[in-house]
Every structure is written in C-alpha cells, then in structure tokens.
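What follows is a short report on a single structure.
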Amino acid sequence: MKMAMYEFLIKRVFTPAVDFHRGASTMKRLEELEKTQWWPREKLLALQDERLRKLIRYAYDNVPYYRRVFEQRVLKPDDIVTSGELVKLPILTRQLVRSNFSDLVARRFPRKELMPSLTGGSTGEPLRFYKTRDDYHGWDTAAGLRAHKWAGYEVGEKLALFWGRHPHLSIADSLTRTTKHFVQKVELFDAMMMSDKRMPRFAKRLEGFNGGFIKGYPSAIYLMARYIEKEGKSAIKPRAIITTGEELYDFQEELFSRVFGCETYSYYSTNEVDAIACECSEHSGYHISAENVIVEIVDDADNLVPLGGEGRILVTSLHNYGMPFIRYEIGDIGASSDKVCTCGRGLPVLAAVNGRISDFIYTRRGDCIPGIALNRSFLAGLGVEQFQIVQESYDKVVIKLVFGGECERDHVSEAIKKIERHFRSELGGDIDVVVELVDQIVPTRIGKRRMFISNVKKVLP
Ligand SMILES: [Zn+2]
C-alpha cells in the first residue's frame, strides 16, 4: 500500500509523541469516536445526555455564572437531564461571555490546563475565552480528524491549506505549527496573497498535490479554481476538497467539481467549538459530532424550531470544563433534521448551515483578499466588541468599530491608531484605512452582521 510506512509512522509514532508532549490523547479519542459514530442514534443521544448531566452538575458546583443562573431560575442540576431540557437555561451570547468572563471560568480548574483563545468571530464580534487542553488537543482535534477521514483523508497525506496567516501566534506556537505541518505534509497557500500575479506560482505548487487534498476557505479555493479553469490547466486532481470557515455556495462547489474532478466536503468548525459538524460522502447534510457537542436551533423568540426548521444555531460544548459554554450563540443560521443518513452513521444531522457570509477586499495592485483571511483576532484584546470592514473603493476601506462601554477615551484613541496601522500594513499600504466609531453594526435582514462588505466588485454571479 502506497505511503503505508509513512502513515504508520505519523499515526503510531509522531502523533502519539506530540500527544504525550501535550498531555493530550488525540489518537485514543479518535479511536473511540470512530466506534461511536456507528452507534444507533438513540444510544448516541443517551451518551450525549449522560455527558450533558455531568457537565451541568459540574457547572452548577464550580462555575459562579451558572450557579447564579440556576438560582435565579430556581433550578437544580436534576432539572436538566436531557438535551431537550436545556431550554430552561438562557442563551449565552458573546456579550454575556464578555461581561461575565471571570465568573464563567471554573473555580479550582488547574490554570495550566486552560488555553487562552481568541476568535475574530464570523459575525464581526471578537471574543476572548478559554479552552482546555483535553478539549482542544483531545476531543476537538480527534473529531476534526474523524470528519476529514469521511473525505478520505488520513493524517500524513498531502494537504494544500488555503488559509490566512497567524501573526498573533507566539514564536513557540508558530514553530510547533510549522513542524507539525512539515511532518504531516500540510503546505500553506496564503489566502491573503491571491492575486493574478501570484496565481501561476500557486497553480504550479498545487500540481504537487495530485492525489492529495485541498482544504481551506471556499472563497480562496474558488479564486484558485477560477484561475486554473481560465488557464486550462486541468492536470491538478486532488482526491477531495474540504471547505471550512465560510458557507460553501453551490456555484463554488460546481466549479470545484468541474476543475478538480472531485467531491467537496463542507466542514463546520469554529474557534469557540471545533468540529461541530461535517458532510459525509452522502452529502445529504452535516453529521453533528454528537459525542462532543449539542446543537440546538432556535427561532426569533428563542424557542426551539420544529425539526426541519431554520433558525439560529446554539452549541453546548460537552468537554470544556475550564470555561463551559452552554447554549452558546455562535452567530450562524442552520436547519435541523431528523434524517437518518444512508451512510449508516447514527450521528444526528444538520440539514444546512448558512450565514457565514464573507466578502473579498480588492486592491489596486490586483490582490483579491478573502475578508475572512485578515487577521482580526487582536481586536478583542483592544476592547472592540463589534466591527465591520467596508471597502468603499479601491483606495478606501472603512473600519467600523464598537468599543465596550468601559473603555476610556485615551485607550480608544490609542487603540484606533493601532488598528489603522495594522490594517494599512495588512492591506498593503496603498489603501486608505479610515476608522469610524459607531454605536452599533446594523444587522442584515436575517440578523447577521456582515463582517466584510465590498462595494467595489463582486465575484458572486
Ligand atoms: Zn452520512
């Protein structure tokens, strides 16, 4: 079997060694998840409820925010024994996470097990939070690997990653990531650099991924595919494409299928809760990682929508004991389903995930930057609660900002300077960056605040 030895080394030697170093157990968790995915749905939901009860009890005993919430509602942990009873608890919004930050951290949870995390937010509301090592390196990574295996991917196979840069990572984290990518044969294609000028080089590099995989933002892969189709270079044949970070549109999937001749798997994962759901080879919905996460869909009045209905997505992460997120509103729209997938997996299914809308920023020098690739996670640390980036012309980008009420005036003006400098350098210097302070970001009709809007040009047909 080709590559068998290399894959064996990656799976049995390298990854367990990294696990050991991190005190995590990715491979052990993966083995478990590969078994439970085939369980009948009732058995999986029973496992989910068992984990929920344990989390609820723990949150009540150890997390001041939840103790307060329970007491205000005159509830005890025994009042929530199944996922259907979660509606008794309030929705956890980003605003609530910010204003109850320290009360959401579990008392006596070992500090060295907490991992500070940031999200730029797909809706333009940056957020700071904690994950735990076991949650992140154990369950989440394992569920991600399981979902990638549905697309045929195994750790150690060639993977072209169309992704943004991560300048906020520490040198140690960057080195770990680079080493991991090198060993696992993951090569980064910088989604910030998708200009016509650079496309020939990208296309050339991508030829090395025949028989491998392409993963990344669908908007960035779309630009690559358009170029390849235009140039008639059809020699690039990966085994599958895995898209994440944004909604996958039909027109993108059609182009990928035409240009690359393979299937596309849409993978729903966020910084706050990884590996929420992913398509299997049947492409008839997204299998929820039910062992790790509970997904609820609610309407405008915060009531659960009937099965098949569309609404806002709430997630409960079942393994983050450091900073439990229960009924967290992630900012996406989705539709539930009671479908049993023909692949045979018992994992419940989301019929659709919509609303992760992103736009491009176009520069005069010909770069076409997927907005989602811009580094914006540092905004949370500066006290920004909401933002929106609007490209008004090739020469002007307006950054709308909403600061937290507690921010002092001096802090705000210092922060604005930093933000202007950051986006000027990120966008290449020939675009005028203007910061505007606003009271709120006006949401779209479906309640999404779009993070990036370009009024210059659209690639969407
Ligand atoms: Zn399936």
Side-chain angles (χ1 to χ4, degrees), residues 26 29-49 51 83 139-155 157 159 213-216 218 238-250 252-254 256-257 260-270 273-297 305-311 313 315-318 330 332-356:
T26 312
R29 303 292 191 215
L30 178 60
E31 242 168 67
E32 188 182 325
L33 292 176
E34 286 203 277
K35 284 189 195 123
T36 50
Q37 65 179 337
W38 302 106
W39 282 11
R41 185 160 299 168
E42 307 73 55
K43 195 174 166 188
L44 267 164
L45 294 179
L47 172 74
Q48 194 183 51
D49 284 342
R51 289 183 174 163
S83 58
W139 290 106
D140 279 357
T141 308
L145 284 176
R146 176 177 71 175
H148 286 35
K149 284 171 79 109
W150 299 343
Y153 172 82
E154 294 281 348
V155 187
E157 291 190 280
L159 187 137
F213 293 80
I214 295 177
K215 179 183 168 182
R239 276 166 52 203
I241 293 170
I242 302 165
T243 62
T244 188
E246 295 168 338
E247 181 172 349
L248 170 70
Y249 295 103
D250 288 345
Q252 292 170 327
E253 194 174 356
E254 280 157 24
F256 299 165
S257 161
F260 299 118
C262 65
E263 290 181 24
T264 301
Y265 293 74
S266 178
Y267 171 54
Y268 180 36
S269 181
T270 65
V273 181
D274 286 89
I276 298 173
C278 187
E279 287 185 300
C280 70
S281 55
E282 299 298 308
H283 301 282
S284 57
Y286 294 69
H287 281 296
I288 299 168
S289 304
E291 304 93 332
N292 292 356
V293 61
I294 294 172
V295 175
E296 294 171 274
I297 310 279
V305 300
L307 276 172
E310 195 185 68
I313 296 179
V315 288
T316 297
S317 170
L318 293 168
I330 204 106
D332 294 318
I333 306 286
S336 59
S337 167
D338 57 356
K339 194 170 176 171
V340 176
C341 186
T342 45
C343 72
R345 291 181 182 86
L347 295 170
V349 172
L350 268 178
V353 179
N354 312 108
R356 285 172 290 156

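Keep in mind it's a predicted model, so treat the numbers as computed, not measured. Both ligands and their constituent atoms are indexed starting at 1 by order of listing. We use all heavy atoms of the structure for the numbers below, so side chains are in, but hydrogens, waters and symmetry mates are not. Along the sequence shown, residues carry numbers from 1.
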Do any protein N, O or S atoms sit under 2.8 Å from the Zn ion (ligand 1), and which ones are they?
Cys280 SG, His287 NE2, Cys341 SG, Cys343 SG
Does any pair with a residue in residues 336-346 pass salt bridge (Lys or Arg N to Asp or Glu O under 4.0 Å), and if so which ones, sequence neighbours excluded?
none
Decide whether Gln37 and Trp150 meet the rule of one side-chain donor and one side-chain acceptor closer than 3.5 Å.
yes
Face-on cation placement of Arg51 at Trp139 ring, 6.0 Å and 45° thresholds:
yes
Got a sec, which residues hit ring-ring contact (aromatic ring centres under 6.0 Å, His included) with Phe213, two or more places apart in sequence or on another chain?
Tyr153
Report the residues that fulfil ring-ring contact (aromatic ring centres under 6.0 Å, His included) with Phe256, sequence neighbours left out, ordered by chain and then residue number.
none
How about Tyr286 and Ser266: does a side-chain donor come under 3.5 Å of a side-chain acceptor?
yes
